[in-house]
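Only one structure is covered here, and it is reproduced in the block below.
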Protein chains: 2
Amino acid sequence: MAHAQVSVTERQRAVLRAVIHDYIHSAEPVGSRSVSRRHAFHLGPASIRNIMADLEELGYLAQPHTSAGRVPTDMGYRFYVDALMDPTRLTPEEEGLIERRFSPARGQVEGLMRETSQVLGSLSRCAGVVLGPRFEQLQVKRLEFVSLAPDRVLLILVSTSGVVHHKVVTVDEVLPQEELNRVARYLNDLLHGLTLREVRQVLLARMAEEKALYDRLLRRALHLGRKTVEGEPFAEVYIGGTTHIMEQPEFADGEKMRAIFAAFEEKSRLVKILDRCLDDAGLTVIIGRELEDVGLEELSVVASPFFQGGAPLGAVAVLGPTRMPYEKMVSLVGYTARLVSRLLAGEAS
Amino acid sequence: MAHAQVSVTERQRAVLRAVIHDYIHSAEPVGSRSVSRRHAFHLGPASIRNIMADLEELGYLAQPHTSAGRVPTDMGYRFYVDALMDPTRLTPEEEGLIERRFSPARGQVEGLMRETSQVLGSLSRCAGVVLGPRFEQLQVKRLEFVSLAPDRVLLILVSTSGVVHHKVVTVDEVLPQEELNRVARYLNDLLHGLTLREVRQVLLARMAEEKALYDRLLRRALHLGRKTVEGEPFAEVYIGGTTHIMEQPEFADGEKMRAIFAAFEEKSRLVKILDRCLDDAGLTVIIGRELEDVGLEELSVVASPFFQGGAPLGAVAVLGPTRMPYEKMVSLVGYTARLVSRLLAGEAS
DNA sequence: ATTAGCACTCTCTTTACGAGAGTGCTAAGA
DNA sequence: TCTTAGCACTCTCGTAAAGAGAGTGCTAAT
């Protein structure tokens, strides 16, 4: 209306919308006849055909073969999501359902993440994916060192949000528990409240500044501190409802399924995709090839970051076939992300 | 020879063995002709046919339809595993490969479990499953309580083997960190070195014994201690290499796959199955329907417990189609279980 | 006891064919 | 000029028929 599209008329938009709607719920190529019938345009099938031919030329639709109906392309979905889709809201029932499922998970960040992935999975009937708190961004609440063996130390890191990370390291010299306690006390004083990114900087600065390192305790402390924060994975990924993807008719073929599940096992690929969504303040939709991940070309992602104290902490997402009901996914993911942010805020001390 | 089978002749055994061998690597019904050819019996196809008919009557073989070859039944596999199979050993290359893959995981129990499931998966080309340390059996090394919010406490439990468990609980009264430290000190003295099973008993005994509970500190300590050990899952389950199962031709059908992956998501079902294997000191093979799990009728499990300090701690297993190379799986699982036990022993302080 | 021979059965693949759905194009109508 | 009715064409899909292939069970001969 106000902003006239350069090359896409209002009618073309209406037909594209209709085709996508039909295709999303039938999973079968959509013909001109059914569009003309089901959506009460005052247009006959022949006109629809002309318009569809135009849309195909524009790259929004494709034909699996001559004389089949049309199927949306990635580009078609993209246009739909950006310009055609009318946002819906979740029904109050759905919202209530989500909230109820979350209530038992109150207070445990990891449990919350896991539950979120499962809720998203079951409501979207796709895979629900959650990118957990970014390690770098966790704030140190407490460090703890436990001596497991003379040369082996368990490092435990508790963040203010209640996330616990731990790992075992081997040290060169024997460190009795006594000394570990002193080290922990020192580091806790030094690092309390800092994010791990800051911790890394502080430790490096200290180590440079006190080159000499006469103090053995100090030296050990800095050394152990570095071990704690180094080489950690970017973040944890939680996946729920993966079986729903198998229900989609487009993946009846076993080979495609394998490719997809291989990606699920290799979580780094999911991390890479979801990481892109963290920079955007709001909700992101990535469609098919836009994922730039060989093996996932036929999937789309709807993702949204969630926040703690104003900073994006992680992301929730739905991963399903490109033929997914985008409006619904957008509202579902958006609602869930806001809810998670709210729960996290309610928990921060 | 020495022990003449009541109803199974030596020749029948040989034919059954041959059929199972062929079927395991072809996945197709085995006919009399190919048995006669491939295995240089001095018997023609017709004789083989007679023997196969006998084996069918005995319940060891079945025909998908008249005039197809024979296929082993669950009972046939069972007989094969119990009486026919000749044990193999892994090749030194395979053993070396396993050991190398484990070396980076040294010292971290959780990492070791995860890695084990993946190694088993990739070497068996089936799903690798590990039932982690049984919670009940962990020995308390250290308890730690961190106050996250006035009414919310993070409980951390470190076991002597380096396993870390944690959870967040909500408490009725405000507990400052100061007091939590005192509580932790008390409980650490009381519980150090006990298994969680014993911890439970000790706490119950104390609570009964000191009914009055005049001491607030004591009351709180016992209360928090109970929260720490109660309601915990039986054990963690690690699964690796699930995608291999999809490669099996018998699961090309999407519906069967779904059933199987549903079981993977619902880990309690796997726990139930593997738990059965913990009681047996050695290796267990469970075939098809013997699993007694609707949805997994076409799978078999080869499992073996691993030990720490003489007590079974958890189990490693391979989960694949009933048509799996049992000899190889048995040696693989056996070797891996022994290796895991060894690595655990090497780590105990 | 073994096996050759044979008729029979069942699956799988190929081929043919018609129904159905959809298209593109052309020409007529608004 | 835009719309649409009509029509020939194309492609898929399901069904049916036919033949090849593999395997069996039975009988009779060795």
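A note on names: the letters A, B, ... follow the listed sequences, proteins ahead of strands, and every chain is numbered from 1. Keep in mind that this is a model prediction, so the values were computed, not measured.
- B:Ile51 has its CD1 atom 16 Å from the P atom of D:dC26, to the nearest Å.
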Checklist entry - What string of B, S and - do you get for nucleotides 6-24 of chain C, 5' to 3', if B is base contact, S is sugar-phosphate-only contact and - is no contact with any protein heavy atom under 4.0 Å? => result ---BBS----------BBB
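- Here side-chain hydrogen bond (donor to acceptor under 3.5 Å, both in side chains) pairs that include residues 316-327 of chain A, with residues two or more places apart or in two chains, are A:His21-A:Glu327, A:Tyr80-A:Glu327, A:Gln248-A:Arg323, A:Glu250-A:Arg323, A:Ser300-A:Tyr326.
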Polar atom pairs between nucleotides 28-30 of chain C and protein, under 3.5 Å, N or O only, would you list them?
none

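- Between the side chain of A:His244 and the backbone N or O of A:Ser124 there is no donor-acceptor pair closer than 3.5 Å.
- Residue pairs that meet the salt bridge (charged side-chain N to carboxylate O under 4.0 Å, His left out) test with at least one member in residues 47-67 of chain B, sequence neighbours left out, are B:Glu56-B:Arg70.
- Evaluation of the side-chain contact (heavy atoms from CB on, under 4.5 Å) rule for A:Ser304 yields A:Leu283, A:Val333, A:Ala337 as partners, not counting sequence neighbours.
- Here B:Phe261 pairs with A:Phe261, B:Phe264 under the ring pair (Phe, Tyr, Trp, His ring centres under 6.0 Å) rule; sequence neighbours left out.
- Rounded to an integer number of Å, the gap from B:His42 NE2 to C:dT2 P is 7 Å.
- Interatomic distance, CD1 of A:Ile20 versus CG of A:Leu84, reported as 6.5 Å (0.5 Å rounding).
- Distance check: B:Leu296 CG to B:Lys256 NZ gives 13.0 Å after rounding to the nearest 0.5 Å.
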Next on the checklist: Checking B:Asp280 against B:Thr284 for the side chain to side chain donor-acceptor pair (under 3.5 Å) test, could you report, in this order, the C-alpha distance in whole Å, the side-chain angles of both residues, the deciding distance, and whether it holds?
Outcome noted: CA-CA 7 Å; B:Asp280 298 331; B:Thr284 312; 3.3 Å; yes
